[in-house]
Protein chains: 2
Amino acid sequence: MIIDVHGHYTTAPRQLSAWRQRQIASAGTPFTEELVITDDEIRETIIEGQLKLQNERGTDVALFSPTAGGMAHHYGNEETSKQWTRTVNDLIYRVTQLFPDNFIGVCQIPESPGVSPANCIPELERCAEMGFVACNLNPDPTDGYWTGPPMTDKWWFPLYEKLEELEMPAMIHVSMSCNPNFHGTGAHYLNGDQTVFMQLIQYDNIFKEFPGLRFVIPHGGGAVPYHWGRYRGICEQLNNDEDLIERLMGNIWFDTCVYHHAGVKFLIEVIGAQNVIFASEMIGAVRSRNPRDGNNYYDDTKRYVDAIKDLSDADRQTIFEGNARKVYPRLDRELKKRGK
Amino acid sequence: MIIDVHGHYTTAPRQLSAWRQRQIASAGTPFTEELVITDDEIRETIIEGQLKLQNERGTDVALFSPTAGGMAHHYGNEETSKQWTRTVNDLIYRVTQLFPDNFIGVCQIPESPGVSPANCIPELERCAEMGFVACNLNPDPTDGYWTGPPMTDKWWFPLYEKLEELEMPAMIHVSMSCNPNFHGTGAHYLNGDQTVFMQLIQYDNIFKEFPGLRFVIPHGGGAVPYHWGRYRGICEQLNNDEDLIERLMGNIWFDTCVYHHAGVKFLIEVIGAQNVIFASEMIGAVRSRNPRDGNNYYDDTKRYVDAIKDLSDADRQTIFEGNARKVYPRLDRELKKRGK
């Protein structure tokens with residue numbers, strides 16, 4: 001079984017973004033409009049989109065969440081974020097109900113700049129009840145200005161407690177960038193990945209306080225594997241501890257959203273299969289085909305893993321399935337319930 | 001000959017930082033104190049520091065600049081930055097005069113948030129006259145808040161014209177981070193590298209307007225080589241041009257400040273020797289030894305290049321010397337003048 005832990009509903013019917021635009025434009029006045037999308041409209045976008053590629057590429061199930069760029073937590077206020085979050089999570093829920101074999105829900109949470117992340121707990125609980133198995137956690141709700149506290153600040157701890165209790169891992173995933181310095185998918189995304197990894201190193205070991213907290217850092221961990229010597233060295237220097245980075249990696253996984261074969265191979269060689277978790281974020285940042293690589297899709301990351309000849313069967317299984325079942329216990333239980 | 005293009009005077013006598021602290025503390029009142037450091041004090045820090053490691057590691061000459069983190073352009077105002085910049089550049093000049101065979105100057109420039117980079121031109125010219133061959137260019141003079149314009153904004157163009165005219169390349173190098181989200185060497189540095197690379201992709205091709213402008217992106221290009229598929233794909237999508245990224249690489253080089261063997265090998269394999277330029281940034285971000293790699297220094301990057309068995313002699317020469325002579329014409333002329 002091949003589980004893709006990183007999928008967003010980037011193909012959602014246009015009514016969604018139109019509704020969101022009207023919601024944003026309504027700022028300060030009540031906005032009570034319900035989003036109207038039919039089941040058939042959802043079916044069409046999935047069948048012609050992510051499901052088609054799942055079948056073509058030979059993956060089985062995707063963890064599916066609202067678009068990352070669309071979270072855009074900086075718009076409006078806490079209520080704006082709550083309404084938007086419930087609306088997109090409900091849409092994801094419908095996808096998981098219409099295509100239960102192929103999509104399992106991962107939720108957005110209603111973060112808002114300056115508002116305690118504890119405000120996200122009710123939505124997290126609601127989503128857990130609806131069968132969602134994880135959440136996306138935006139380390140920068142300002143969307144490109146990074147004026148909030150680091151992820152190791154106590155500010156975030158109520159959320160971490162709840163994530164532990166619910167056995168939901170968090171994918172650390174920034175949203176759009178409003179900062180003209182940072183291109184979204186080409187800078188802000190990767191900056192976010194390595195920035196948070198470094199915050200975790202600076203703290204010593206947050207997982208001593210939250211042993212059940214699990215972070216998936218997407219996009220192959222940003223620059224981290226490529227600069228593994230830098231991170232290891234800085235970690236040793238800062239904490240005077242040669243093994244801390246290994247202990248941190250007991251609760252951190254990097255996904256395989258690295259869009260060339262050499263990069264995915266490097267990731268697995270440097271970090272090891274036990275911390276690499278299969279994902280493609282398909283129909284995402286890079287939707288085109290690579291003219292220099294057989295005109296295959298850049299984001300067909302399964303090809304890159306398949307092409308690593310000297311990967312053992314056990315490691316391949318760990319990356320494609322084992323780690324996902326381990327990191328996402330709710331997913332594992334759900335799959336087992338279905339006899340998988 | 002082995003040229004290290006990335007060295008900072010991190011071992012400068014303590015009077016320097018003490019002077020700087022007093023200068024910052026003087027904010028708003030005249031500060032006329034001269035920095036007092038003797039030649040012997042400079043000699044001692046170099047002989048026991050960078051020169052010792054040059055000899056031990058077998059490199060010949062380093063391009064040497066003020067500490068990157070110390071540039072700290074956000075402090076005070078334009079005058080603060082000018083005074084500080086002249087002071088540290090003068091100190092670098094003295095190092096190059098005391099050790100002319102081993103150190104060639106690269107200057108800091110007096111950037112200041114909100115102030116036109118054209119203000120840096122007089123200092124750039126002064127340094128060129130003193131034999132400096134390049135400058136460090138901070139893409140974020142706010143030091144961690146990124147509220148200025150991207151490097152492709154016309155704002156920067158007067159500086160680019162002057163760099164072209166003087167045949168000085170710029171190393172794109174952020175300074176310290178005041179933002180608690182961004183660790184300096186573990187996040188802000190690498191974020192800066194990939195952020196600027198992505199800005200260049202977004203612009204189409206700034207080197208059409210400035211064909212003589214050359215950027216060295218340090219720390220192995222941040223996350224760029226590891227995510228080369230992502231950057232290539234985004235570049236193709238944004239610009240509808242399959243070859244733009246190659247054309248951009250006609251004016252961009254990545255240095256080898258990647259602190260493990262696998263990373264340096266990967267860099268050269270993915271990017272190719274023609275765009276990789278030897279550097280160590282030694283006595284910098286990671287000053288310790290790697291207990292898992294023969295207890296050698298993390299930042300002894302020459303070892304990593306040496307250990308790539310299948311690198312041709314021609315490529316090795318390109319990385320160690322050829323690219324530096326090509327990218328830094330003033331360096332090449334100076335070396336030739338000395339019969340090297």
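Within every chain, numbering begins at 1; the chains are lettered A, B, ... in the order of the sequence lines, protein sequences first and strands thereafter.
- Looking at A/R287, both its backbone and its side chain come within 4.5 Å of chain B, counting heavy atoms on both sides.
- Closest approach of B/P150 and A/P180 over heavy atoms only: CG-O, 3.5 Å.
- Here the NE2-CG distance, from B/H183 to A/L200, works out to 13.0 Å after rounding to the nearest 0.5 Å.
- Shown here for B/R230 and A/A285, the closest heavy-atom pair between the two residues is NH1-CB, 3.6 Å.
- Across all their heavy atoms, A/S288 and B/G233 have their closest contact at OG-O, 4.2 Å.
- Ranking B/Y226, B/Y259, B/Y145 against chain A, the residue ahead of the rest is B/Y226, based on heavy-atom pairs under 4.5 Å.
- When all heavy atoms of A/F266 and B/H260 are compared, the closest pair comes out as CZ-CE1, 4.0 Å.
- Of all the heavy atoms in B/Q194 and A/A223, the pair that sits closest is OE1-CB, 4.3 Å.
- The local environment of CG in B/N240 is sparse, with at most 12 non-hydrogen atoms from other residues, nucleotides or ligands closer than 6.0 Å.
- Between A/Y298 and B/E236 the shortest side-chain heavy-atom distance falls below 4.5 Å.
- When A/M151, A/H261, A/R292, A/R289 are compared by the number of non-hydrogen pairs under 4.5 Å with chain B, A/R292 comes out ahead.
- Interface remark: A/P149 contributes backbone atoms only to the contact with chain B (heavy atom separation under 4.5 Å).
- Of the listed residues (A/R232, A/E242, A/K265, A/Q199), the greatest number of heavy-atom pairs within a distance under 4.5 Å of chain B belongs to A/R232.
- There is no contact between A/T152 and chain B, counting heavy-atom distances below 4.5 Å.
- Separation of atoms CG (B/N191) and NE2 (A/H188) is listed at 10.5 Å; rounding is to 0.5 Å.
- In terms of non-hydrogen atom pairs under 4.5 Å with chain A, the most contact-rich of B/A187, B/G222, B/A262 is B/G222.
- Contacts between A/Y189 and chain B at a heavy-atom distance below 4.5 Å involve the side chain alone, from C-beta outward.
- Ranked by heavy-atom pairs under 4.5 Å with chain A, the list B/N290, B/L267, B/D293 is led by B/L267.
- Using a 4.5 Å cut-off between heavy atoms, A/L238 touches chain B through its side chain atoms alone.
- The parts of A/N181 that come within reach of chain B are both its backbone and its side chain, each placing non-hydrogen atoms under 4.5 angstrom from that chain.
- Residue with the most contacts toward chain B among A/D153, A/V286, A/D193, A/V224: A/V286 (heavy-atom pairs, distance under 4.5 Å).
- Put simply, the side chain of A/H227 gets close to the backbone of B/H219: a donor and an acceptor are under 3.5 Å apart.
- Remark: B/M198 CE to A/L190 CG distance equals 10.0 Å, nearest 0.5 Å.
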